Visitor: 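Quick one: structure below, then a few questions.
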Amino acid sequence: MSSDTTHAQGQQHPISIYLWIWGWLFVLSAFSYTVDLLELQGLLRWSLILLFMFLKAGLIVAVFMHMMWERMAIILAILAPPGAILVLIALMALEGDYTFVTRLLYFHNPAALAE
Amino acid sequence: MAEVLPGTPGETPGVRGLVSDWASDQMAFKNVPWGKAMMWIFLLSDTFIFSCFLVSYMTVRMSTLEPWPPVSDVFALHMFGADIPLILIAIMTFILITSSGTMAMAVKFGYEKNKNVTFWLLIVTAILGASFVGMQAFEWTKLISEGVRPWGNPWGAPQFGAAFFMITGFHGTHVTFGVIFLLIIAWKVKRGDLDHERPGFLTGRKGRYEIVETLGLYWHFVDLVWVFIFAFFYLW
Amino acid sequence: MAQTTHDQYPLIGPRELEEMELYHPKTWLGKYVFSQDAKVIAIQYSLTAIAIGVVALVLSVIMRLQLGFPNTFSFIDPSNYLQAVTMHGMIMVVYLLTALFLGGFGNYLIPLMVGARDMVFPYVNMLSYWIYLLAVLILVASFFVPGGATGAGWTLYPPQAVSPGTPGIDGGIILMLLSLCVFIVGFTMGGLNYVVTVLQARTRGMTLMRMPLTVWGIFMATVLALLAFPALLVSCIMMLLDRTLGTSFFMPAMQSLGDSTSYNGGSPILWQHLFWFFGHPEVYIVALPAFGIVSDLVATHARKNIFGYRMMVWAILAIGGLSFVVWAHHMYVSGMNPYFGFFFATTTLIIAVPTALKVYNWVLTLWRGNIRLNVPMLFAIGFIFTFINGGLTGLFLGNVTVDVPLSDTYFVVGHFHMVMAVSPILVIFGAIYHWYPKITGRMFNTALAKWHFWITFLGTYAIYYPMHYLGFAGVPRRYYAYGDTAFMSDSVQDVNVAITIAAIVVALGQLLFFYNMARSYFKGEEAGPNPWGATTLEWQTEHTPPRHGNFGEELPIVYRWAYDYGVPGARDDFIPQNVPPDDAHISHDSDRHPEIDPGHDPAGKEHD
Amino acid sequence: MLAPGLFVWNDFVNVPEDAQEVEAIGQQWHWTYRFPGEDGEFGTVDARLLSDDNPFGMDPDDPRGRDDVLVDSNIVRLPVDKPVKLLLRSKDVLHNFTVAQFRVKMDLVPGLVSYLWFTPTRTGEFEVLCEELCGIGHHTMRGKVEVTEVDEFDSWLAEQATYEELVNTPDGDPEAGQQLYAVCSSCHGAQGQGNKNMNAPKLAGQEAWYMRRQLEYYRDGIRGAHEDDTYGQQMAAMVSTLQSDKAMRDVIAYIETFPDEPVASTISGNEQRGRQIYQVCGACHGWDGQGIQAVKAPRQAGMQDWYLVRQLENFKQGIRGSHPDDMYGHQMMQMASILSDEQAVKDVVAYINTLPQNGNSQLAMKRSEEQ
Ligand code: HEA
Ligand code: HEA
Ligand code: CUA
Ligand SMILES: [Cu+2]
């Protein structure tokens, strides 16, 4: 954690850092776009998309939203609660899958017939 | 051994600071103005909103037996004699990121009390935001003309249109509100309200440059959400 | 080290503090109607919530009339009945309890108790109330649209909530969903205020670990609300789209009363997950403020410090955190992935641990206390009884295998009324009696209030205790009538009659309360600034009732926690939070509450 | 406390290998059942294929479904001491399959198939209740499970029609029906127009599936067996002329050829109040009183009002609908209890008189399609 913390006058950082991050966001977006252009499929595609997504999100939150210069108190207060969402995501993924499987097993499936 | 680093007097950084901040009186978030604290907590709440939208989208997409429409073709634009997949979305992404950059600099110049530059950066941000909304409107029109409706579409699962219009619509609404506030604040900057600490029309609060940062948080958040929408909706 | 850092921290509070003076209203309208004073907003919230609560009370009596005396009242048919159930449940949970605890008590008590002049954003706070009022009006309007209010059950499960065969699918459900959305928007505005006020606008010396538990309870409940309501908002929006635009988020391919529909592929279970992802935190949203308030009532009226303050705070935090990972215990028999049962049964029983801890602490606080059976104390003790009762039945239901036969029976109805309809309601009454002298400056009539207590306490036991028996007998909930069902014995009907009579008595008993409140407002004795001898800041204000701005010229400085009761050697048997150690006539570093780190005590600095 | 619970839950989640699969299908507001037939496998289904002609939503192209046994009734039998895996499917909204004595319950969710399993350990009749709110008929959504010895169960199952058989059932023959109808015409009139003096209701325009069920009920002593049901008893005696399946089909086919003449009102009441009450009735009988086959609710509009009044009174007093096997009648009995007095009955019938006489009954639609 960097030590040039906040001060009554608010956040002061050299303009170059914003430009750098800006550039990185461009590059990362371009990468994600390339993933689609190259029509990568399967695990590679998902992991790359997620990787670029999290990098971008991290940069925005850390630098543009000044999170990396905030005090630990606020960082944790903001970053901890979304943990609940992770549980929801995990369980809903399982649930969606379960629903899909019962449908596949018992329901007439027009798409499968068409193939 | 914790050495007290230079910085604001009386503030311990890192994890030890975490404890002492929470254990202190008056403020848990040291030197965070009320407005900024409120915005952070609001954004947290908003995160839950968008997460729930995306989780719902994930669930219906995973559950349906119908094929999911071929996203990258659906969002292709016919340009230069070829169908370029997702090109409009890519442009929109670049625009939003750029607006985030200008916003970040507006915050910086705001704290430097550089009225003019701040004003122009805010205006540029607003224009970029507005053009984002415009492109979104164009995209909606295009999809609607191709037969995509909230209740169905020519290629497969009806949830495609439903989730698309709902999520991008909700995000677009956020952008629109952001643009409105950008214009209001830009105008306040221009008029010098923030320099003269003039009380707000409705709230009676004194104007301060901190409000630019608060607004900036909101704007970056809108950009952040787009990152997730881009990944999950358009690329997935 | 901690000491040094603290000393260097500047004395002045947040910069915005001075601006609190800016918005003193000039007109009558600004003072009483569009007031930005949290205390006035609190009263507005409370009165609105109680008014709509009385509507829900009347609805519950209508339900009971039908259940106790089926085929007697021709104005109750199955659709009216379901509408009554639905609106009763929804109003009670959301529009009464949530609004009253957070909007009412939160607004009144938070700024006073943490020593702030007002909420941090008074203007937004005012908007919050008016939006809440709008939500209530939309809700009320839904009774009068063609087809009437929705009858989908307060859980509004699709597809049934929006399909023919359910009352109120035309206007009723749409207005219900809209009203919820509006409520959430309004609540968010208020909620941000409460949270930021607690975090950022406390007075000098008021550390988090010195806050009264009331504030802790309301604060945590608000945080839960800010994080849980989004799920409801999102699901309401999606259901609105399903209903109005024909999207298929929650709607699978299905038939409807013989007609085919155009829906396809949606997932009804998704609604249930989202609803309960909101719904379970919601039940703690109405429980945590009650926990907090009851802790203060118990400590004040037993003249004893609260047992294990620190533990209480951590328990509140733990309950808050865990409440987000137990939601599907409402869905054991919903047809979800059955393996979830293992996970949720485990988490559900874990969440009972901190709750049980709180119960033990209340009891231990009472233990050998100098108990004064004042009216608020009666209600607090009543709460402990009913809550233990309801909590234990919750454990039955949490254990997935036991839940299977009991789910959707009156056992569940008994559980949640015990734990939600009786316990927090008792606390609300206790709290109103407790703070009434501060809010109005007058004392209520004690005899009437005691009557009110015994009628409500014993009466509600008479209503809900038998419901558990009905549940074991297999009586399903949300049934308009039972017809002749072989496995239910005849006594079921007798029990229902008894419950209905008890419910009518309790409902009428509430008239005592309203009469008492109204009469005492004009005729009650002057109460004085601190009739109960309480330590918290709201009792130390310059004026009673407190004026706009709460405190006098100077904000109080806090030197101690909120529970210095029964202090040996003190002038009175208690020491208010803002009394400096020198004035308390006892040494400041006594061993009463060593868990409070003196290193953070600004008093230490002021006096050396 | 937790651990034993989880072990039992493990048993609940994991179905024994040898469990017999049965499908329980819920809809507003009754139950039907399906057995997998000889191949032991269910055919796939689709809610979009549901119709009056295909009430189970069977996929006609799935060979596994041809031998599925379809039990279009609230009453089902199960063998004692054999584990049963119930697959649960809903055609419309959420329901919940509960037999209190089995100690298990599970929701039926449209758009997926849930399950539960149990082993009935004693013979007898057990009530099935729906315990998930499913609309205004929720409390009347009853069924019955009859647990019998294995051989009794087997012979019962063998009598039930398979999907194949149902598809291939020939249509009724009106010519043959005409002969059979000769007996009926003395009371119901040559054109099925009904005769109040003989206490015989109008038949012309009534729904075929409904007449079929009532004839079976009369035949099996489910209707017209109550000692106070004088006219029902007469009818039950007459039905002895229609013993075979085919005879019933034919006579109904003949009745379907009658012109649906409007009827005269004989009852007056407060239509406004009747309309209020009908807010409940319409959910099943249709807002125009046209009858809805899927809900098993017969047509009311355009039928004779004096007959409706009498039947409502009978339902209220339990003269009709109280036979343990008359599950639909039982449902109506519970619903009729909202008619608190005689005046209410008249009011609601007076309102029914104002409904379009042969507006959109199924028969009328069928005829207009044919033209
Ligand atoms: C204020 C509201 C409130 C509170 C606090 C609770 C508290 C609890 N609830 Fe309840 N519940 C509701 C409101 C509430 N509930 C509502 C509204 C519903 C129904 C909604 C609907 O379907 O309409 C419901 C339904 C409900 C169900 C679903 C039932 C079903 O539909 O089938 C379950 C299942 O797990 C459950 C469990 C619990 C548990 C384990 C607790 C625990 O937190 C309880 C903890 C308390 C104690 C344990 C008692 C005190 C402790 C002691 C005396 C010490 C001794 C005990 C031990 C050491 C263990 N509740
Ligand atoms: C806080 C919540 C709350 C409260 C207070 C109540 C109070 C009452 N409820 Fe409750 N009830 C619910 C929440 C609540 N209920 C919910 C969520 C459901 C489920 C709905 C559904 O299934 O969809 C339900 C369902 C429900 C049913 C089941 C219906 C069915 O399944 O068919 C029954 C049946 O008897 C019933 C009866 C009563 C009675 C007789 C009262 C009371 O009359 C008890 C006696 C009165 C009091 C204890 C005084 C309360 C005072 C006020 C409310 C006035 C406000 C004033 C102040 C606070 C100052 N309720
Ligand atoms: Cu079906 Cu309730
Ligand atoms: Cu719960």
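Within every chain, numbering begins at 1; the chains are lettered A, B, ... in the order of the sequence lines, protein sequences first and strands thereafter. Not measured: the values here are computed from a predicted model. Only heavy atoms go into these numbers, but all of them, side chains included; no hydrogens, no water, no symmetry mates.
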Visitor: Examine whether an atom of C/S248 lies under 4.5 Å from a heavy atom of chain B, and if so say whether it belongs to the side chain, the backbone or both; otherwise answer neither.
Guide: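 Both backbone and side chain of C/S248 come within 4.5 Å of chain B.
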Visitor: Heavy atoms only, distances under 4.5 angstrom: which of B/P158, B/S56, B/S63 has the most pairs with chain C? Name it, please.
Guide: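 The option with the most such pairs is B/S56.
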Visitor: For chain C, which residues from residues 37-46 of chain B have at least one heavy atom closer than 4.5 Å to it?
Guide: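 Hits under 4.5 Å: B/A37, B/M38, B/I41, B/F42, B/L44, B/S45.
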Visitor: Is the NZ or CZ atom of C/R310 positioned over C/W314's six-membered ring, under 6.0 angstrom from the centre and within 45° of the axis?
Guide: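 The answer is no; the distance or angle limit is not met.
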Visitor: For B/W68, is the CH2 atom crowded, meaning more than 12 foreign heavy atoms sit under 6.0 Å from it?
Guide: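 Check passes, neighbour count above 12.
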Visitor: When you look at CZ of B/F181, are more than 12 heavy atoms from neighbouring residues, nucleotides or ligands closer to it than 6.0 Å?
Guide: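 Counting other residues, nucleotides and ligands, CZ of B/F181 stays at 12 neighbours or fewer.
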Visitor: Is chain C contacted by the side chain of B/T59, its backbone, both, or neither, given a heavy-atom distance below 4.5 Å?
Guide: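 It is the side chain, since no backbone atom gets that close.
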Visitor: Out of C/V234, C/V196, C/L245, C/V124, return the one with the most heavy atom pairs under 4.5 angstrom to chain B.
Guide: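 Looking at each of C/V234, C/V196, C/L245, C/V124 in turn, C/V234 comes out on top.
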Visitor: Heavy-atom pairs under 4.5 Å with chain B are the metric here; pick the option from C/L208, C/L226, C/L227 that has the most.
Guide: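 Maximum pair count with chain B is reached by C/L227.
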Visitor: Walk me through it: do B/F170 and B/F50 pass the test ring pair (Phe, Tyr, Trp, His ring centres under 6.0 Å)?
Guide: CA-CA 9 Å; B/F170 209 75; B/F50 277 106; 5.6 Å; yes
Visitor: Going through the checks in order, is the salt bridge (Lys or Arg N to Asp or Glu O under 4.0 Å) test met by B/K36 and B/E210?
Guide: CA-CA 8 Å; B/K36 184 168 150 189; B/E210 281 149 4; over 6 Å; no
Visitor: For the residue pair C/W327 and C/F277, does the interplanar ring angle fall in the parallel (under 30°), tilted (30 to 60°) or perpendicular (over 60°) class?
Guide: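 Perpendicular, since the angle between the ring planes exceeds 60°.
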Visitor: Could you check which of B/I49, B/T64, B/V55, B/V60 has the highest count of heavy-atom pairs closer than 4.5 Å to chain C?
Guide: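 Looking at each of B/I49, B/T64, B/V55, B/V60 in turn, B/I49 comes out on top.
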Visitor: Please check: side-chain N/O of B/R149 versus main-chain N/O of B/G161, any donor-acceptor pairing under 3.5 Å?
Guide: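 Side chain of B/R149 to backbone of B/G161: no pair is present.
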Visitor: Of the backbone (N, CA, C, O) and the side chain (C-beta and beyond), which part of C/L232 lies under 4.5 Å from a heavy atom of chain B, both, or neither?
Guide: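 It is neither, since no heavy atom gets under 4.5 Å.
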Visitor: Would you confirm whether C/N264, through its side chain, and C/P252, through its main-chain N or O, come within 3.5 Å as a donor-acceptor pair?
Guide: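 No, C/N264 side chain to C/P252 backbone: no donor-acceptor pair under 3.5 Å.
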Visitor: Where does the angle between the aromatic ring planes of C/W561 and C/Y309 fall among parallel (under 30°), tilted (30 to 60°) and perpendicular (over 60°)?
Guide: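 Rings of C/W561 and C/Y309: perpendicular, as their planes differ by over 60°.
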Visitor: Please look at B/P150 and chain C and tell me whether the side chain, the backbone, both or neither of the residue comes under 4.5 angstrom of a heavy atom of that chain.
Guide: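 For B/P150, the contact with chain C is made by backbone and side chain together.
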Visitor: Please work out which of the three classes, parallel, tilted or perpendicular, describes the rings of C/H273 and C/F340, given edges at 30° and 60°.
Guide: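 C/F340 and C/H273: perpendicular rings.
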